[in-house]
Amino acid sequence: MEGERILIPERMIVSPADGVFRSVDGNGDIVGRNINENDVIGYVETVGKSVEIKSPFTGTLRGLIAHSGERLRQHEPVAWLRLHAN
């Protein structure tokens with residue numbers, strides 16, 4: 001239909017690099033919290049450094065897809081959140 005829009009309020013947060021995932025709180029207690037754009041939800045540990053995983057959106061963190069200690073590839077999903085209504 002012309003003019004029809006589908007609004008999907010969920011967004012994925014992906015890994016910025018290859019490495020081992022670590023949740024910011026260590027055990028997933030961050031799930032259910034409201035987070036702002038650029039809040040750090042975890043880290044990817046790579047050779048010699050730790051890269052922050054920041055949320056590109058403001059919303060409620062609905063779940064972690066990755067588990068602490070899990071090896072991730074760049075752009076692999078880490079978590080999902082529900083956007084806040086503007």
Side-chain angles (χ1 to χ4, degrees):
M1 287 185 172
E2 190 174 330
E4 183 177 357
R5 291 180 53 188
I6 299 174
L7 299 176
I8 301 172
E10 283 84 20
R11 296 291 185 269
M12 301 301 291
I13 301 171
V14 300
S15 177
D18 293 349
V20 177
F21 174 67
R22 300 284 180 224
S23 175
V24 73
D25 64 3
N27 58 12
D29 287 341
I30 192 172
V31 173
R33 292 187 190 166
N34 291 331
I35 58 173
N36 295 310
E37 183 177 344
N38 292 320
D39 280 356
V40 176
I41 65 154
Y43 302 89
V44 176
E45 296 174 355
T46 64
V47 177
K49 66 180 179 176
S50 183
V51 179
E52 293 178 331
I53 301 172
K54 294 181 180 182
S55 176
F57 312 102
T58 295
T60 302
L61 192 67
R62 302 302 295 161
L64 292 174
I65 297 166
H67 302 280
S68 282
E70 182 177 342
R71 184 164 295 282
L72 298 175
R73 307 236 351 124
Q74 185 175 14
H75 305 298
E76 189 171 352
V78 174
W80 64 281
L81 59 90
R82 179 169 292 254
L83 300 179
H84 290 165
N86 291 335

Output side-chain donor-acceptor pairs under 3.5 Å for residues 8-19, partner residues at least two apart or in another chain, one line each.
{"unit_1": "E10", "atom_1": "OE2", "unit_2": "R82", "atom_2": "NE", "d": "3.2"}
{"unit_1": "E10", "atom_1": "OE2", "unit_2": "R82", "atom_2": "NH1", "d": "3.4"}
{"unit_1": "E10", "atom_1": "OE2", "unit_2": "R82", "atom_2": "NH2", "d": "2.2"}
{"unit_1": "R11", "atom_1": "NH1", "unit_2": "I8", "atom_2": "O", "d": "2.5"}
{"unit_1": "S15", "atom_1": "OG", "unit_2": "A17", "atom_2": "N", "d": "3.4"}
{"unit_1": "S15", "atom_1": "OG", "unit_2": "A17", "atom_2": "O", "d": "2.5"}
{"unit_1": "D18", "atom_1": "OD1", "unit_2": "Q74", "atom_2": "N", "d": "2.5"}

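- Residue W80 holds its CH2 atom at 11.0 Å from CG of L64, rounded to the nearest 0.5 Å.
- R62 CZ to L83 CG: the interatomic distance, rounded to the nearest 0.5 Å, is 12.0 Å.
- Under the 4.5 Å side-chain heavy-atom criterion for Ile, Leu, Val, Met, Phe, Trp and Tyr, I65 and V31 are members of distinct hydrophobic clusters.
- The two residues G59 and L81 have their closest heavy-atom pair at CA-CD1, 4.1 Å.
- There is a path of hydrophobic side-chain contacts, each under 4.5 Å, that joins V24 to V78.
- Nearest heavy atom pair, residue S23 against residue S68, reads N-OG, 3.2 Å.
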Exercise answer: donor-acceptor pairs, residues 33-46 side-chain atoms, under 3.5 Å, sequence neighbours excluded:
{"unit_1": "N34", "atom_1": "OD1", "unit_2": "T60", "atom_2": "OG1", "d": "2.7"}
{"unit_1": "N34", "atom_1": "OD1", "unit_2": "H84", "atom_2": "NE2", "d": "3.2"}
{"unit_1": "D39", "atom_1": "OD2", "unit_2": "N36", "atom_2": "N", "d": "2.8"}
{"unit_1": "E45", "atom_1": "OE1", "unit_2": "R22", "atom_2": "NE", "d": "3.4"}
{"unit_1": "T46", "atom_1": "OG1", "unit_2": "K49", "atom_2": "O", "d": "3.2"}

